[in-house]
*Asks:* 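Attaching a single structure in structure tokens format; questions to follow.
Atoms within each ligand, like the ligands themselves, are counted from 1 in listed order.
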Amino acid sequence: MDNFDYRDGVLHAEDLPLSAIADAVGTPVYIYSRATLERHAQVFRDALAILPRVHIAFAIKANPNLAVLRVMSREGLGADVVSGGELARALAAGMPPQDIVFSGVGKQQHEMIQGLEAGIGQFNLESEEEGIELAALAAERGLTAACALRVNPDVDARTHAKISTGKAENKFGVPIDRGADIYARLAALPGLAMRGVAVHIGSQLSELGPFEEAFAKVGALIAEIRASGHAVTHADLGGGLGVPYKAGEVYPSPQEYAEMVARATAGWDVTLMFEPGRVICGNAGVLLTRVIRVKRSSNKAPFVVVDAAMNDLARPAMYGAWHDFDAVQPTGEKMTAHIVGPICETGDTFAMDRETDALQAGDLAVFRTAGAYGATMASSYNSRGFVAEVMVDGENWAVVADRILPAAISAAERVPDFLD
Ligand SMILES: *Cc1c(COP(=O)(O)O)cnc(C)c1O
């Protein structure tokens with residue numbers, strides 16, 4: 001469910017026609033609905049209320065815009081961060097340090113220090129080596145870092161290979177069968193307070209089975225760690241719940257997810273932590289674009305060339321991902337077209353042979369479900385700028401990220417003297 005609907009034949013974000021935003025800030029532009037963001041945070045939180053002790057940390061990498069983070073923080077969500085930059089954003093958005101979890105396989109020492117000095121709630125350690133480094137940094141400062149050990153359960157998440165993280169060959173976590181030994185060794189280090197285990201098997205999961213399989217393995221590990229005399233008070237079950245990208249697709253609901261978690265974790269007696277990203281913000285955003293021209297092709301269907309490209313929305317080029325594509329003011333006519341951006345790569349293709357609203361040069365259209373892994377994955381390839389981001393709140397709206405023009409990017413470059 002989202003707040004992007006047609007009224008009087010024009011696609012609106014909440015109470016605002018998207019054409020008004022295009023007139024004011026140009027295209028392409030990402031548009032987020034505050035109401036949808038809030039609703040998704042609330043639905044997820046309410047679903048998990050059947051569990052005894054819960055902490056929800058929004059996975060910032062899905063959408064790190066400060067206004068989006070502010071909505072999350074007002075909803076009482078903490079943050080899952082994977083870099084010093086994301087940590088700074090979480091703090092800037094007003095998230096309490098103790099509600100912040102630091103994940104990631106390559107935390108650098110300066111980032112660990114940043115986390116220690118901020119007093120974040122938990123580090124999710126991805127290796128014994130990382131734990132040893134963090135212990136030394138914490139002990140030097142007379143601090144103790146609360147930690148969970150991320151384990152790799154060797155479970156097939158049955159999602160796209162590039163966003164699958166819980167198979168033995170993936171870089172994430174420690175092998176689950178060595179988890180208890182590594183936990184015990186880390187628990188002995190001054191500077192660390194080992195308190196839990198963490199798991200995250202991938203993103204855009206369409207079934208609950210792989211989660212349940214992974215959580216069963218984590219439950220067995222918790223029992224093993226406790227049997228060896230160590231405390232486990234927290235279990236971080238990660239994120240990964242998928243969202244429908246095609247109208248009509250049905251995904252497991254937060255309620256079904258919560259019921260599965262309740263079943264899988266019965267008797268654990270821990271605080272359960274969650275790191276949802278996409279499920280909160282995916283359907284809360286669209287990428288608004290304008291048709292540059294319609295180009296006839298020898299390939300039967302014409303090319304609809306839009307002003308958004310793979311540098312603005314990378315998911316189709318990167319994962320072969322589908323985004324629904326709809327006209328802002330549909331005429332009722334349909335066409336079959338290839339939807340492409342202006343970038344000089346064949347990969348800059350959003351859709352081939354797509355049945356879509358009839359469009360012509362100058363028309364506005366949206367890629368839906370662009371609120372997660374959209375703007376944040378942008379690049380300036382082909383010397384294109386960074387797209388603006390807007391948040392809508394009823395009839396109100398605000399630019400929440402300025403468009404960054406190509407000139408601002410090249411202004412950071414220098415031609416050295418030796419080339420004079
Ligand atoms: C990416 C990521 C998430 C969020 O994944 P979603 O599929 O967006 O819910 C959560 N935890 C970790 C460790 C991640 O890397």
*Asks:* Among pairs that include at least one residue of residues 115-140, which meet salt bridge (Lys or Arg N to Asp or Glu O under 4.0 Å), considering only residues two or more places apart or in two chains?
*Replies:* K107-E130, E117-R141, E126-R150, E128-R185

*Asks:* Not counting sequence neighbours, list each pair that qualifies as a salt bridge (Lys or Arg N to Asp or Glu O under 4.0 Å) and has a residue in residues 14-24.
*Replies:*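 Checked against salt bridge (Lys or Arg N to Asp or Glu O under 4.0 Å) - neighbours excluded - the pairs reaching residues 14-24 are R7-D15.
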
*Asks:* Measuring from T356:OG1 to M335:CE, what's the distance to the nearest 0.5 Å?
*Replies:*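 So the gap between those two atoms works out to 7.5 Å.
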
*Asks:* Do any nitrogen or oxygen atoms of ligand 1 lie under 3.5 Å from a protein nitrogen or oxygen, and which ones?
*Replies:*
unit_1: ligand 1; atom_1: 7 (O); unit_2: S203; atom_2: OG; d: 2.4
unit_1: ligand 1; atom_1: 7 (O); unit_2: G240; atom_2: N; d: 3.4
unit_1: ligand 1; atom_1: 8 (O); unit_2: R278; atom_2: N; d: 2.8
unit_1: ligand 1; atom_1: 8 (O); unit_2: Y373; atom_2: OH; d: 2.6
unit_1: ligand 1; atom_1: 9 (O); unit_2: G240; atom_2: N; d: 2.8
unit_1: ligand 1; atom_1: 9 (O); unit_2: G277; atom_2: N; d: 2.9
unit_1: ligand 1; atom_1: 11 (N); unit_2: D80; atom_2: OD2; d: 3.4
unit_1: ligand 1; atom_1: 11 (N); unit_2: E275; atom_2: OE1; d: 2.5
unit_1: ligand 1; atom_1: 15 (O); unit_2: K61; atom_2: NZ; d: 2.8

*Asks:* Side-chain donor-acceptor contacts of residues 79-102 below 3.5 Å, not counting sequence neighbours, with atom names and distances?
*Replies:*
unit_1: D80; atom_1: OD1; unit_2: S103; atom_2: OG; d: 2.6
unit_1: S83; atom_1: OG; unit_2: G85; atom_2: N; d: 3.3
unit_1: S83; atom_1: OG; unit_2: E86; atom_2: N; d: 3.0
unit_1: E86; atom_1: OE1; unit_2: V82; atom_2: N; d: 3.0
unit_1: E86; atom_1: OE2; unit_2: K61; atom_2: N; d: 3.4
unit_1: R89; atom_1: NH1; unit_2: P64; atom_2: O; d: 2.8

*Asks:* When you check the gap from the basic side-chain N to the acidic O, do R34 and D393 get nearer than 4.0 Å?
*Replies:* yes

*Asks:* Closer than 4.0 angstrom, basic N to acidic O: yes or no for K217 and D154?
*Replies:*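 No, K217 and D154 are not salt-bridged.
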
